[in-house]
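Read through the structure below, which is laid out as structure tokens, and then see the notes.
Quick caveat: nothing in here was measured; it's all calculated off a predicted structure. Here is the naming used below: chain letters follow the sequence lines, and residue numbers restart at 1 for every chain.
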2 protein chains.
Amino acid sequence: MEFFDKVGKAALGSRLRLMTAVVTDDAAKIYELYGVEFVPKWFPVFYTLAEEREITITEIANEIGHSQPSVSKIIQEMIGAGLIKESAKTDDKRKNNVVLTEKGILISKKIKQQLEDIDVAIEDIIAESKHNLWAALEEWEFLLEQKSLIKRVSEQKKKRESKDVKIVNYKTEYQEAFRALNVEWISKYFEMEEADYKALDNPEEYIIKKGGKILVALYENEPVGVCALIKMNNSEYDFEMAKMAVSPKAQGKSIGWLLGKAIAEKAKELGAKKIYLESNTILKPAINLYYKLGFEKVFGLETPYKRCNIQMELVLG
Amino acid sequence: MEFFDKVGKAALGSRLRLMTAVVTDDAAKIYELYGVEFVPKWFPVFYTLAEEREITITEIANEIGHSQPSVSKIIQEMIGAGLIKESAKTDDKRKNNVVLTEKGILISKKIKQQLEDIDVAIEDIIAESKHNLWAALEEWEFLLEQKSLIKRVSEQKKKRESKDVKIVNYKTEYQEAFRALNVEWISKYFEMEEADYKALDNPEEYIIKKGGKILVALYENEPVGVCALIKMNNSEYDFEMAKMAVSPKAQGKSIGWLLGKAIAEKAKELGAKKIYLESNTILKPAINLYYKLGFEKVFGLETPYKRCNIQMELVLG
DNA sequence: ATTAATTATATAATTAGTTATGCAAATGTA
DNA sequence: TACATTTGCATAACTAATTATATAATTAAT
């Protein structure tokens, strides 16, 4: 199908669907060829019953990877066709154990030869093909169970988008964004405090002129994240990382990570050995990010912020 | 899925269906991730329209391998969603040409990035897997188009069953079968003639005692095919192959071919250089078989049978 | 110039699965 | 021991496709 070459791998689903249709259409004809009165969709259920002596509907569903209602319906059809019957041998009255009838056992014998022929026919295709579809399905089942397609795509999206994020130095034109992005999360989770207003309304005076730095993350030339490195009056720490904010609209692009890394780099350039931060444990994604960046908990410093209930430091390598 | 290992390749259809479900389920989530209001099943149709400027429903169906009603419904849904519109630019009033709307074009741009991400994600799976599912699907599409699964299985069935066919010499206990199998086809297509009754009622006297042979094909120890080698009074031919009959119930096991081969072998053992036969062209499968066995048309011999309108000979190698 | 066959589409019915939901039986827990 | 939770199953409603069939427009054939 030429179509698939043009579209690319995104058409994997469509391609699978077509192949499924081709194979299952022929499956029906194969039963006919062998003169077995049998509906192909019964096959997985039937096979399970031929193997196990007696088994419940839910167990069958789990074994063959169908939903329980699907098996439930198939069982009813097969009972109608006289291939299986309910077997009362159970103390748990919710359970509906089923077994093959005489007729079912007969058909299972008939089908045995058919299965072997199909097996040989498919083995032949495998032998004449370069790429083993059967083995590929088995392998992909495993790989997609390990990490689903949606997860893989979302990781790729993040990776690509974070490439388009630029971290730049603060300019006056970003003051509005610096203020707005911070006000957004602070007032959502806490209340704006005196110290916040000072720094956000006048960052050049309160942060940069005192020897600090502000970095801005740009995505498509819009400021979507900010973070400050604030000069401290403390014997142990030269700088505090603070006022980190990322627009909710720009989440999933690793912007926090990129800002954090850049701030740490900046601090190192300025000769710092360690940087300090204050936060609150209700901000779980933020705390997580700090750990990922290498911060560790410390205790005991004084702070002007009511909302601070966790203090951390990062030793610069 | 352990189930598949037990069942063998016959579960290829089930395995494909499960993989299709896994992939298409995630497809829906992927559109959501990218914030595109889009139903995955629209994708092949949408993609075709994004490529071609303007195209009819049937053309789309052919291109993407769906049925026409399927595309017809999808088109209606997409018109409802405002992604495409009918374009009246056609003289053939049966046709329903469709194109993307402004909104459709916008979404196609949005989706482009998404497609690239999926492409990379799937390429990554291909890279980390030993068996390339994408390439396997492509190859199997080709192989199954060349020779369908049903054809491959039916060939395998024939091959296996013809192994279970035994060709044995005539014994008195097979007289009834020899008669019945021949009467069945002769009276179906023609009328029984005097010469038929003689040979069939008393084969030992009319065939074997005169230096001829009869071979019987047994399947599951039942006689299901017969063929005679009859001594001729002719300077050119020593033997005639005649009274070949195969039970309709045993068709598809190459019994005719096995009998023909065995008769030719027998004739060679008896020192014949050529064998002769008479038939009628309305028996197309039989004539076909004779050609396959190496017989060629000849002309001019006299025959006691009304039904004879073709004469053939096989030069024994 | 009719009539028959073909083509393009739409609609209806069917298929093989899925979720969602409800009910009864069994199990766990305070 | 009573009550909440879990389990097993059936039923209903939905989904994404299919085949079968109807209708209108076009093309081919007498």
Pair listing, ring pair (Phe, Tyr, Trp, His ring centres under 6.0 Å) test, anchored in residues 16-37 of chain A, at least two apart:
A:Tyr31-A:Phe38
Along DNA chain C, first and last positions that approach a heavy atom of chain A under 4.0 Å:
C:dA16 to C:dA26
Partners passing side chain to side chain contact (heavy atoms under 4.5 Å, CB included) against B:Glu184 (at least two apart in sequence or in another chain)
B:Leu181, B:Pro248
So, B:Glu128 and A:Arg152, do they make that salt bridge, N to O below 4.0 Å?
yes
Report which part of the nucleic acid B:Thr56 touches: base, sugar-phosphate, or nothing (heavy-atom distance under 4.0 Å, all strands).
sugar-phosphate
Partners passing side chain to side chain contact (heavy atoms under 4.5 Å, CB included) against B:Lys297 (at least two apart in sequence or in another chain):
B:Tyr291, B:Phe299, B:Ile310
Can you list everything that forms a side chain to side chain contact (heavy atoms under 4.5 Å, CB included) with A:Ala27? Sequence neighbours excluded, please.
A:Pro40
SB check A:Asp117 B:Arg160 (cutoff 4.0 Å):
yes
Would you kindly say whether A:Thr58 and A:Gln68 are connected by a side-chain donor-acceptor distance under 3.5 Å?
no
Have B:Asn97 and B:Thr56 got a donor and an acceptor in their side chains that come within less than 3.5 Å?
no
Protein-nucleotides 10-17 of chain D N/O pairs closer than 3.5 Å?
from: D:dA10; atom 1: OP1; to: A:Asn96; atom 2: ND2; distance (Å): 3.0
from: D:dA10; atom 1: OP2; to: A:Ser72; atom 2: OG; distance (Å): 2.6
from: D:dA10; atom 1: N7; to: A:Gln68; atom 2: NE2; distance (Å): 2.8
from: D:dA10; atom 1: N6; to: A:Gln68; atom 2: OE1; distance (Å): 3.3
from: D:dA17; atom 1: OP1; to: A:Arg17; atom 2: NH1; distance (Å): 2.5
from: D:dA17; atom 1: N6; to: B:Lys73; atom 2: NZ; distance (Å): 3.4

